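We name chains A, B, ... by the order of the sequence lines, and we start the count at 1 in each one. This is a predicted model, so every value here is computed, not measured.
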Amino acid sequence: MHDNLQNNLSVTSYMEKVRVRFAPSPTGALHIGGVRTALFNYLFARKHKGTMILRIEDTDQERFVPGAEEYIREALEWCGIELDESPWNPSPKYAPYRQSERKAIYKQYAMQLIESGHAYYAFDTEAELEEMRERLKAARVASPQYNAITRTTMKNSLTLPEDEVKKRIESGEPYVIRLKVPRKEEIRFHDMIRGWIMVHSHALDDKVLMKSDGMPTYHLANVVDDHLMEITHVIRGEEWLPSAPVHVLLYRYLGWEKTMPRFAHLPLILKPDGNGKLSKRDGDLGGFPVFPIEWTDPDTGKTVAGYRESGYFPEAVVNFLALLGWNPGTHQEIFSMAELIEAFSLERVGKSGTKFDIEKARWFNQQYLKAKSDEELAQYLLKDLEKNGIQVPFSKVKAVCSLLKERVIYPTEFWKEGKYFFVPPTQYDEKILSKKWNSESVKILTDYLSALSSVATFNAATAKQALENVISQHGIAMGKILQSLRLALTGVGGGPELFPLMEVLGKEECIKRLENALQTLPVA
RNA sequence: GCACCAUUCGUCUAGGGGUUAGGACACAAGAUUUUCAUUCUUGUAACAGGGGUUCGAUUCCCCUAUGGUGUACCA
């Protein structure tokens, strides 16, 4: 309560413009959890009339995946997350937006830290580091790490004579630059979602700031860029919480603590069973997408469908994602992007991890589908018809969607569920056939067939009237015959209301199908 | 192991010292529907455990348990 009040005040009284960034690394497809982080940043930015920035964190050359950057761009666009600044629409004041293009900048600040005594050179090889860890483990040290104590036993500019350090560097020996974390200090910072967090510096290790390839690590790059880009709020996943104290230290040592951005660490999206955070494999296992749009792995060439390809509307995905970890405090469930922006606040973001529930996503999609016009839905069906080489008047496509929209969740189902509107059935549901198709139904339907032929104006009402006339002659109930008729016309036992369906099919087609069924279907 | 974070129906969550602990998804039943679906109604179902504090704790504090994250020259 207290924290909320504080947060509110500080947000609304912010003099400078809110600037937030989404900073993915181009190591593959953007995960649905990443999309949510982007979304929350976006909602916050728009809510406060601020700026939404995309920064590409490509400091790891080894994990770089070609095409990932374009994927991120396309995925965000599909979701309707607009970027005010990005590699594609840079602001000259803050560009470039790819960390690989900012290499020189980081070096400069790393040097500043060395000069102020807050960082140092380290020459230890991988084998030496491994040996150190083994040694400590053997000595039953609680947490083997490169820190205030162990660094005195390693090869670095703190232990080596100054001229040897110089010689090593000049001779081109590989080195890293490490942060000199103080031995005993309490580091506290405020998180807008979790309140005050305090950690002891002895729990931190001397993080590598600059790698031996001259690239910065995330820790340095992120702090330098957030400062230089004048980021006001860092909204990111909870996996960053443990390293946030390192970042606070960096802001301090770089002399930027007064303008340090505020932190908000979002709860993680967990696997449906709650064991660990959601990963790509869970989608494969659970049969639901974890990517916003389809992704083709450049190595294997394998393509995985995303939400888009699986028939989800971007509005539904955004709505669903927004409610994963955030709630409006009201009972409203359906939100447009504009409504989300209006209602969003970090104060109403929860603290605990949320399990991923695809059932809820399906429900959202269904809601959005039902709300769409027949015209819009017809576009989806039209594509499937084209794919199958079927040409029909648009009015019919629309009519089919109209009849089917209450019973599907994805627009991709229109074709699947309504194929018989366009193609006569070649197979008939065995169970219905054996249960309902008998000599009596054949007799009635034969009568109906001839009644239908003489109907002048054919539509749902007259088709129904004709059947009513026939069954009253035979003295049986409507329910007795209807499913046989449906089977004859569509081949299946269920579907939308039969008479409107017949109207869409048309008189000729109904007669043709009825004739065919009467001639070919075996009587039990 | 160590550090940090978390813990309300199966799931997403609201709430908050005294409530019949509310909603949504899912599930079940009933109604409507000639079928299936939709829709409507109803129902099942939760404060992790133990100590405090208090007249009273699900709510505040502590401990335990459980879960998550981190612990890389990955982000």
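Atom CZ of A:Phe22 and atom CG of A:Leu76 lie 6.0 Å apart (nearest 0.5 Å). For the atom pair OG1 of A:Thr59 and CZ of A:Phe64, the computed distance is 12.0 Å after rounding to the nearest 0.5 Å. Of the inter-residue distances, the one linking A:Glu503 atom CD with A:Leu498 atom CG reads 12.0 Å to the nearest 0.5 angstrom. Here CG of A:Leu433 is found 11.5 Å from CD of A:Gln483. Values are rounded to the nearest 0.5 Å. Remark: A:Ile481 CD1 to A:Glu440 CD distance equals 7.0 Å, nearest 0.5 Å.
At distances below 3.5 Å, not a single donor-acceptor pair connects side-chain atoms of A:Arg73 with backbone N or O atoms of A:Pro87.
Of the C1' atoms belonging to B:U7 and B:U58, the separation is 12 Å, rounded to the nearest Å. If you take atom C1' in B:C74 and the same atom in B:G15, they sit 41 Å apart, rounded to whole Å. Using C1' as the reference atom, B:G49 and B:U8 are 15 Å apart when rounded to the nearest Å. Going from the P atom of B:G43 to that of B:C25 covers 15 Å, rounded to whole Å. Comparing B:U71 with B:A14, their P atoms sit 29 Å apart, to the nearest whole Å. Across the P atoms, B:A45 and B:A3 are found 41 Å apart, a figure rounded to whole Å. Comparing the C1' positions of B:A21 and B:A46 gives an interatomic distance of 9 Å, to the nearest angstrom. As rounded to the nearest Å, B:C9 and B:A48 have P atoms that lie 7 Å from one another.
With a 3.5 Å ceiling on both atom-pair distances, the Watson-Crick or G-U wobble partner of B:A28 is B:U42. When Watson-Crick and G-U wobble pairs are counted only if both distances are under 3.5 Å, B:A6 pairs with B:U66. Across the strands present, B:C60 finds its partner in B:G52; the criterion is a Watson-Crick or G-U wobble pair with both atom distances under 3.5 angstrom. The partner of B:C47 is absent, by the rule that a Watson-Crick or G-U pair needs both atom distances under 3.5 Å. Across all strands shown, B:G1 pairs with B:U71; the Watson-Crick or G-U wobble distances both stay below 3.5 Å. Base-pair partner of B:U33: not found among the strands shown (Watson-Crick or G-U wobble, both distances under 3.5 Å).
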Sequence-aligned protein contact record of nucleotides 66-75 of chain B, with B where the base is within under 4.0 Å of a protein heavy atom and S where only the sugar-phosphate is: -SSBS--BBB
Nucleic acid footprint by protein, nucleotides 7-13 of chain B - heavy-atom cut-off 4.0 Å, B for base, S for sugar-phosphate alone: S---SBS
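Residue contacts shown for A:Arg348 are limited to sugar-phosphate atoms, with no base heavy atom under 4.0 Å away. Within the 4.0 angstrom heavy-atom criterion, base atoms lie near A:Pro496. Nucleic acid contact class of A:Lys370 (heavy atoms, under 4.0 Å, all strands): sugar-phosphate only. When heavy atoms are screened at a 4.0 angstrom cut-off, A:Ile481 is found touching no nucleic acid atom at all.
With a 4.5 Å cut-off on side-chain heavy atoms, A:Tyr218 and A:His247 count as touching. The side-chain heavy atoms of A:Leu204 and A:Pro245, taken from C-beta on, include a pair separated by under 4.5 Å.
Note that A:Arg168 lies in the cation-pi zone of A:Phe123, set by a 6.0 Å cut-off to the ring centre and a 45° limit from the axis.
Aromatic rings from A:Trp363 and A:Phe320 are positioned such that their centres are separated by 6.0 Å or more. Two rings, from A:Phe364 and A:Phe313, have their centers 6.0 Å or more apart.
As rounded to whole Å, 8 Å separates atom P of B:U38 from atom CD1 of A:Ile409. Protein atom CD1 of A:Ile197 is 11 Å distant from nucleotide atom C1' of B:A6, rounded to whole Å.
With B:A3, B:A26, B:G22 as the choices, the nucleotide that has an atom nearest any side-chain atom of A:Val199 turns out to be B:A3.
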